[in-house]
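Notes follow the structure.
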Amino acid sequence: MLRLLRTSSFRLTVAYALLFAASVVILFGVTYVEMTRAATQQQDELLESEIKKIQRAAKRVTDGDIAALVEEQARHPPGLSIRYRLLDASGAVLAGNLPPTPDTDGAFWFKGPRADKPQKNGRIRARAATVGEGLTLIVAQDREAQEELDELREVVARDFGLAIVLTILLAIGGGALLSAGVLRRVASINKSTREIVDHSLSRRLPVGSAGDEFDRLAESVNGMLARIESQMAAMRQVSADIAHDLRTPLTRLRSGLESAQNEADPERVRVAVTRALSEVDGVLSTFSALLRIAQIEAASSAPSSGPFDLTEVLGTLVEVYEPDLEAKAQTLTSRIEPDLAIAGDRDLIAQLFANLLQNASHHSPQGARIELLARRADTHIEVVVADDGPGIPAEEREKVFRRLYRLERSRTTPGSGLGLALVAAVAGMHQITLSLEDNQPGLRVIVRVPSPA
Amino acid sequence: MRILLLEDDKDTASWISTGLTEHGHVVLSFANGQDGLHAALTEPVDLLIVDRMLPGLDGLSVVRRLRAADVRTPVLFLTTLNGIDDRVEGLNAGGDDYLPKPFAFAELVARVAALGRRPALGNVSPRIQVADLEIDLLSRSVRRAGREIDLQPREYRLLVYLARHADQVVTRTMLLENVWDLHFDPQTNVVDSLMSRLRARIDRDFKPELIHTVRGAGYCLRA
């Protein structure tokens, strides 16, 4: 039950109900005050017109007759319980049926005996004005005479009160119902996720047919689970690969050192140690590369990014790989457009292209032709590394980006199998797309780099 | 040179210290960041070698505080941390060079020599001279024994770097970083191949031989 009260939908409904209640109260308050003010104004106008009437009449008669005028008026007042009082300059009463009032000018309220029930006191509205030659006329009316107004105000108050109570009840009831529904959906999702965590990552949340936000939530959670599942599978694969690919050089290292232990000839010991050092360097380099790839994949964005000249980097790489290519009698033709500017981590992107060039060379035979093209293409910059070697069979093109993956025929060529994994990781970090195509013959790698326009 | 070494692993510290002493340097070792910082602020030294992971106060903080105290001594970071951000972090903290562990000793020696030898600010001469080799940096011209020598842009850049570090061993890694702007190992012998082209132009028809190969380390330009 308490859970129900803690749901956000319940809280929202209660908040809404309170808001509505508050506005009802304000509305009521304003109406009430306005009604009172309007009534008072109406009363004042009545009293004012009375005074003016008497003032006009007083102009035509003498002072003595003004008193008679007032008395006459007092006997036939135009409205309920309107009373009069006439005073001379010194304050002595000359005429009227109004009990004494406070000594004030203009319009005012005072408490005095009621016109209908003289034993009781009531609130009386009065106006005072000068009439004739220095005489003071006071005209007053009981507020209680405004019975209609009072009744109306009571009705209004009662109705508003009822409205507030009903609203709050409705809000609580409706809120509880809504929240119960929401709670049920959420509880079902919780249960499913717990099951997934406890049992198997391959299970998924059930998705209803309503297409509402809960269904969408279930869909995105399912997407997330699918990604986690595939990443975990990849991790398992990588662990197996790493274990294999590091054990081999480590085994050679160990056996080399072991035989060096038993070696008497210092020259042969030296040779064994040199070989051991080289195996260690190999292991370290594989290790560092793996770590680096993992870091790149985990980084949400390129760490030291900035604009740089891709033309210059590609030019340097062509220069750097030329000697090795020449050694294998391979030719490298390059057509690189000038001033190709991109944004990203210069070192990592340089490594990306270096790896592609190295791959093209290593996996192609003597005398192969390798091409490097770089050009601008509206929204991006396109770089193509192509060779006319054996290429990669279509069904393996997805897999080659995996860490430590080697094509069967390449198992014995130099290389750690990490080159393309690094390429994929760096590309992923920079929103660079890679596609592998058949160069007929050979492999064609197309790299598309978003251009900062 | 007087070198201050901040390294907490005893074996590594002793190996580095012994090796550098054999090369004629004086090495003061500290295993703790706080002690090291104190020493750096109070002792006169020519170079600091700082491991990033130190007990007490970590290497980055030590260097930051040194720089904040306006100490301009060159700093070489040594570290197992070689993540993609770590090098930049180290250089931003005020380090001058960054050598990931494990490393070949020859690399350390070469970099130490290069850092120690940096010219004081404002003292950049427009001409470099080694024996009868003259390099005019303003006109980018190279002469040997009075004869003008034509060099490709990369060959020129390589020669200038060698000359600026004359009499010091320069490793292939240092050359890749400074002459080709590459901060990774391209696994080609581009350095060796360009070096032999440079030798053909600079050394083949002249005496004495200026460019020397230092086995197991790199190259050196000296008379």
Side-chain angles (χ1 to χ4, degrees), chain A residues 274 277-278 280-285 287-289 291-306 308-309 312-313 315-328 345-355 357-359 361-362 414-416 419 422 425-426 429, chain B residues 12 15 78-93 95 98-107 151-158 161 171-173 175-200 215-217:
Chain A
T274 307
L277 258 180
S278 142
V280 168
D281 282 341
V283 167
L284 277 171
S285 128
F287 215 42
S288 303
L291 207 63
R292 184 156 277 251
I293 292 172
Q295 282 178 335
I296 293 174
E297 285 178 349
S300 47
S301 63
S304 42
S305 232
F308 65 92
D309 185 355
E312 184 244 320
V313 167
T316 304
L317 291 177
V318 165
E319 209 192 297
V320 162
Y321 286 101
E322 206 125 58
D324 274 17
L325 262 55
E326 267 173 31
K328 274 181 92 168
D345 187 310
R346 187 182 177 277
D347 287 344
L348 292 177
I349 290 184
Q351 275 192 268
L352 183 156
F353 287 111
N355 282 8
L357 280 172
Q358 259 192 300
N359 262 19
S361 173
H362 284 169
S416 57
L422 184 82
V426 173
M429 179 196 238
Chain B
T12 310
W15 172 62
L78 271 187
T79 175
T80 49
L81 292 174
N82 193 27
I84 42 187
D85 312 0
D86 293 317
R87 190 167 179 280
V88 172
E89 247 191 343
L91 297 179
N92 282 346
Y98 202 88
L99 188 57
K101 290 180 185 174
F103 49 84
F105 200 79
E107 193 75 44
L151 292 179
Q152 305 251 302
R154 195 73 71 184
E155 293 166 354
Y156 173 77
R157 207 166 150 181
L158 176 58
Y161 187 78
T171 64
R172 286 179 185 79
T173 314
L175 288 171
L176 282 168
E177 281 174 18
N178 290 284
V179 177
W180 279 271
D181 280 325
L182 287 180
H183 296 275
F184 62 93
D185 179 6
Q187 287 161 353
T188 77
N189 62 346
V190 61
V191 177
D192 295 339
S193 117
L194 190 72
M195 198 63 80
S196 53
R197 287 217 301 275
L198 184 65
R199 272 176 151 143
R215 264 195 59 175

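Just the heavy atoms: all of them, side chains too, but no hydrogens, waters or symmetry mates, feed the values below. Numbers restart at 1 for each chain; the letters A, B, ... are given by sequence-line order, proteins then strands.
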Is Gln358(A) in contact with chain B via its backbone, its side chain, both, or neither, using a 4.5 Å heavy-atom distance?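 The answer is the side chain of Gln358(A).
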
For Glu312(A), is it the side chain, the backbone, both, or neither that has a heavy atom closer than 4.5 Å to a heavy atom of chain B?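 When you check distances to chain B, only side chain atoms of Glu312(A) fall under 4.5 Å.
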
Can you sort out the partners of [X] under salt bridge (Lys or Arg N to Asp or Glu O under 4.0 Å), two or more places apart, ordered by chain and number?
X	value
Asp192(B)	Arg172(B)
Glu107(B)	Arg111(B)
Lys328(A)	none

Give a yes or no on whether Phe287(A) atom CZ has more than 12 heavy-atom contacts from other residues, nucleotides or ligands under 6.0 Å away.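 Counting neighbours around CZ of Phe287(A), 12 or fewer heavy atoms of other residues, nucleotides or ligands fall under 6.0 Å, so no.
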
Rounded distance [0.5 Å steps], CG in Asp347(A) versus CD in Glu177(B):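 Asp347(A) atom CG to Glu177(B) atom CD measures 9.0 Å (nearest 0.5 Å).
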
Are there residues of residues 180-190 of chain B whose heavy atoms fall under 4.5 Å of chain A's heavy atoms? If so, which?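 The stretch touches chain A at Trp180(B), Asp181(B), Leu182(B), His183(B), Phe184(B), Pro186(B), Gln187(B), Thr188(B), Asn189(B), Val190(B).
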
